[in-house]
2 protein chains.
Amino acid sequence: MGKVSIKNIAQELGVSNATVSLVLSGKVKEGRVSKDMIEKIMLTAKAMHYEPNILARGLRMGKTQTIGLIVADISNPFFGQLAFQIQEYAEKFGYTVIITNTNESDVKMDKMISILKSRQVDGLIIVPTNHGELAIKELVTSHFPFVLVDRHFPQIPTNHVVVNNYVASREATHSLIQDGCKKIALLVYDNKLYHMSERKRGYVEALQEAGLYNPELIKEINYLNIQEDVINSINDLLKGDKKVDGLFSATNTISMIGINQILELNLKIPDDIKVFCFDKNSEFDISNFKIPYIIQPIPEIGKKAVDILINEIEHHSADTTQIELVAQMSVIR
Amino acid sequence: MGKVSIKNIAQELGVSNATVSLVLSGKVKEGRVSKDMIEKIMLTAKAMHYEPNILARGLRMGKTQTIGLIVADISNPFFGQLAFQIQEYAEKFGYTVIITNTNESDVKMDKMISILKSRQVDGLIIVPTNHGELAIKELVTSHFPFVLVDRHFPQIPTNHVVVNNYVASREATHSLIQDGCKKIALLVYDNKLYHMSERKRGYVEALQEAGLYNPELIKEINYLNIQEDVINSINDLLKGDKKVDGLFSATNTISMIGINQILELNLKIPDDIKVFCFDKNSEFDISNFKIPYIIQPIPEIGKKAVDILINEIEHHSADTTQIELVAQMSVIR
DNA sequence: CTGAAAGCGCTTACAG
DNA sequence: CTGAAAGCGCTTACAG
């Protein structure tokens with residue numbers, strides 16, 4: 001027994017494909033088909049284990065009820081949770097989500113956009129990569145519906161949902177200052193993404209204001225070489241004369257490795273060095289030292305992105321929506 | 001400018017759809033089309049930004065080069081990493097992966113299977129839910145290609161890739177005994193899934209062998225009420241007379257909450273109570289107390305599952321492949 | 001109340 | 001060397 005199609009059901013009952021299709025898709029209008037026949041069709045469909053072929057429907061209707069999601073790394077809990085929220089929420093509107101990864105590679109981002117378009121997704125939600133501007137620009141000029149999340153390019157007018165990276169980072173750094181830190185380092189990615197430079201700017205301005213700014217305490221990490229870069233940076237920052245007493249870490253992956261290395265050097269947090277992180281690592285709660293962090297409203301980010309995208313898909317609204325949500329500081333205990 | 005199809009290119013060049021299709025899909029045989037025309041077609045396709053409609057191709061060929069992945073919770077890093085590996089590996093064979101969630105609900109599992117089949121995926125990789133046997137049985141009788149991962153039903157003959165839950169749990173428990181624990185508790189889900197009962201069995205047998213088994217020290221947790229159940233269990237286990245000195249935690253989510261609560265009670269790990277966990281929480285590394293855990297070979301699980309599935313899809317092999325991989329204990333420092 | 005027919009974009013035997 | 005035509009499974013005007 002192969003797959004059951006509308007045609008099979010129609011033949012079985014001696015009616016036309018049209019009648020079966022109308023009934024099964026719930027589009028049958030009053031008086032179109034007799035009550036009797038409606039019931040028969042429903043029963044037969046169930047009995048024959050009919051499952052609609054969404055590909056065929058999509059081809060015909062020019063719409064697949066599918067959203068493509070492109071994240072930087074699905075194994076990172078931040079993106080995992082974001083993907084989860086997007087999927088749960090999109091499902092409410094009858095959309096399926098196809099999740100793909102770029103691993104922060106713009107080549108892969110291009111590829112994923114192309115694959116997802118080939119699969120006729122109705123729209124895209126994208127966490128863009130470092131050198132992804134060109135691909136995003138092309139998307140804009142082709143009027144393909146999409147929303148950027150987590151990051152955006154300020155010089156390209158796009159839908160996007162991001163957080164207040166600058167303010168949050170500034171407040172976090174300020175909090176370290178208030179806790180008495182005099183030499184506060186920053187670990188940040190070396191990419192040119194706006195959200196990253198905003199985090200850096202928040203750090204820099206808080207320190208400048210306090211007269212504590214020292215560019216030598218900024219360490220730029222390469223994503224492809226995280227482990228080594230972070231370890232070297234921490235080692236250098238905690239060496240004899242330079243020895244910092246505070247650290248602001250700009251992402252959760254950097255934080256993980258950095259904190260590990262600090263402990264490896266047999267230093268105590270927060271006694272020897274105070275740490276503040278961007279993004280939560282659930283583990284912060286279970287360590288005896290409770291590390292403060294900036295927490296992003298992941299569910300809201302996901303929901304807003306879906307709302308904007310579906311609105312554009314279904315109403316072809318041409319204007320762009322740009323949302324900046326507030327990332328809070330965790331309560332420090 | 002709407003979407004560009006093969007027809008558009010054919011008209012542009014005054015050739016037939018067949019010729020264009022053959023060239024673009026790389027199926028053109030020696031002498032079928034002149035070199036000149038091949039080049040022209042390729043160039044025009046590029047110039048017009050042609051992107052093949054994979055839906056249409058899938059409809060025609062009865063094959064979509066798509067794998068459906070159904071996990072219990074994509075926001076759980078274990079499944080996030082698994083999804084990541086599956087996706088990366090499947091891509092090498094030209095397959096796209098659609099990831100979906102069940103939240104451990106069998107109703108949702110049914111729904112996801114149906115949605116993915118409607119989308120004409122070529123096969124499924126499934127982390128089955130507690131009461132999911134019926135759906136899995138149906139899949140077996142329908143001869144739809146699929147592989148179970150992480151969990152399986154011993155009474156249903158299916159392809160699956162799992163780990164040696166029994167042995168690993170037994171060894172972990174044994175290790176706690178060797179560390180001098182006399183009263184070792186177990187936190188485990190209350191579901192009837194085989195992998196869970198195997199973890200329990202490993203714990204029980206290790207204790208029985210040592211003459212330390214006490215069924216009152218087993219606490220069953222309900223997935224829908226994790227937080228409260230774990231907290232209550234920990235509170236109870238650490239009360240006056242019962243007070244345990246060891247804990248084996250059967251999953252990473254349970255571990256997180258449990259360890260938190262232990263610390264909340266102002267107890268020290270491992271001085272007051274030793275803990276051993278199934279599955280890694282990256283955070284174990286950054287806490288000052290290094291908690292030992294059982295680590296599953298996630299990349300291998302993913303790869304094996306993809307290998308088995310693609311083999312079944314492409315070669316219609318009828319026999320089932322069942323793989324049990326070895327989960328190691330983390331090195332305790 | 002219902003059916004015949006066209007067409008979404010693709011591939012592939014078949015005919016020339 | 002190349003094209004016309006059928007058909008994958010669906011939906012939807014149109015005709016009766």
Side-chain angles (χ1 to χ4, degrees), chain A residues 1-41 44-45 48-66 114-115 117-122, chain B residues 1-41 44-45 48-66 114-115 117-122:
Chain A
M1 173 198 94
K3 281 173 188 161
V4 180
S5 70
I6 280 187
K7 200 163 131 194
N8 298 141
I9 298 174
Q11 282 172 342
E12 182 76 21
L13 293 173
V15 295
S16 75
N17 297 353
T19 303
V20 175
S21 170
L22 250 22
V23 170
L24 256 28
S25 62
K27 279 184 190 148
V28 68
K29 290 198 194 96
E30 187 64 39
R32 176 69 165 83
V33 183
S34 70
K35 283 227 161 181
D36 220 44
M37 186 49 81
I38 292 183
E39 203 166 320
K40 257 191 197 165
I41 290 172
T44 310
M48 295 176 78
H49 294 105
Y50 172 71
E51 302 193 74
N53 183 327
I54 307 227
L55 258 52
R57 179 186 294 163
L59 181 59
R60 171 62 222 241
M61 313 243 297
K63 179 121 195 308
T64 56
Q65 297 291 117
T66 309
S114 153
I115 286 182
K117 284 176 91 173
S118 283
R119 285 179 188 265
Q120 312 303 114
V121 298
D122 298 327
Chain B
M1 172 198 94
K3 281 172 191 163
V4 179
S5 70
I6 279 187
K7 200 164 131 193
N8 299 141
I9 298 174
Q11 282 172 344
E12 183 75 20
L13 294 173
V15 295
S16 74
N17 297 352
T19 303
V20 176
S21 171
L22 250 22
V23 171
L24 257 27
S25 62
K27 278 184 192 146
V28 68
K29 291 200 196 96
E30 188 63 39
R32 176 72 165 81
V33 183
S34 70
K35 282 226 163 185
D36 219 44
M37 186 49 80
I38 291 182
E39 202 167 323
K40 257 192 197 164
I41 290 172
T44 311
M48 296 175 79
H49 294 106
Y50 171 72
E51 302 193 73
N53 184 326
I54 306 228
L55 257 52
R57 178 186 297 163
L59 181 59
R60 170 61 222 240
M61 314 243 296
K63 178 118 196 307
T64 56
Q65 297 291 118
T66 310
S114 153
I115 285 181
K117 284 176 91 174
S118 284
R119 286 178 187 266
Q120 311 304 115
V121 298
D122 298 327

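Below, each value reflects all heavy atoms present in this structure, side chains not excepted, and no hydrogens, waters or symmetry copies. Here is the naming used below: chain letters follow the sequence lines, and residue numbers restart at 1 for every chain.
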Measure the distance from [atom1] on [X] to [atom2] on [N] and round it to the nearest whole Å.
| X | N | atom1 | atom2 | value |
| --- | --- | --- | --- | --- |
| B/Lys40 | D/dT2 | NZ | P | 11 Å |
| B/Lys7 | D/dG3 | NZ | P | 16 Å |
| B/Leu55 | C/dG7 | CG | C1' | 15 Å |
| B/Lys63 | D/dG9 | NZ | P | 17 Å |
| B/Ile38 | D/dC1 | CD1 | P | 10 Å |
| A/Leu13 | C/dC1 | CG | P | 18 Å |
| A/Met48 | D/dG9 | CE | P | 12 Å |
| B/Ile9 | C/dG9 | CD1 | P | 12 Å |

Dot-bracket encoding of pairs in DNA chain C, which uses [ ] for pseudoknotted crossings and | for another strand, Watson-Crick or G-U under 3.5 angstrom:
|||.||||||||.|||
Please find the pair of heavy atoms, one from [X] and one from [Y], that lie closest to each other, and give the distance.
| X | Y | value |
| --- | --- | --- |
| A/Val20 | A/Ile9 | CG1-CG2, 4.0 Å |
| B/Asn53 | B/Ala56 | OD1-N, 3.0 Å |
| A/Ile6 | A/Asn17 | CG2-O, 3.7 Å |
| A/Asn8 | A/Lys3 | OD1-O, 3.6 Å |
| B/Leu24 | B/Tyr50 | CD2-CE2, 3.6 Å |

Does a side-chain heavy-atom distance below 4.5 Å link B/Thr66 with B/Arg119?
no
Got B/Ile54 and B/Gln65 here, is their nearest side-chain heavy-atom distance under 4.5 Å?
no
Crowding at NZ, A/Lys7 (>12 non-hydrogen neighbours, <6.0 Å)
no
Nucleotides 11-16 of chain C: protein proximity per nucleotide (B base, S sugar-phosphate only, - neither; heavy atom, under 4.0 Å)
BB----
Has B/Ser118 got a side-chain atom pairing as donor or acceptor with A/Pro52's backbone, closer than 3.5 angstrom?
yes
Nearest to the side chain of B/Leu59, heavy atoms from C-beta on, is which of C/dC10, D/dC8, D/dG3?
D/dC8
Closest to the side chain of A/Val33, out of C/dT2, D/dG9, C/dG3, is C/dT2
Find which nucleotide of DNA chain D each of A/Asn53 and B/Ser16 is nearest to by heavy atoms, and output the residue with the more 5' nucleotide.
B/Ser16
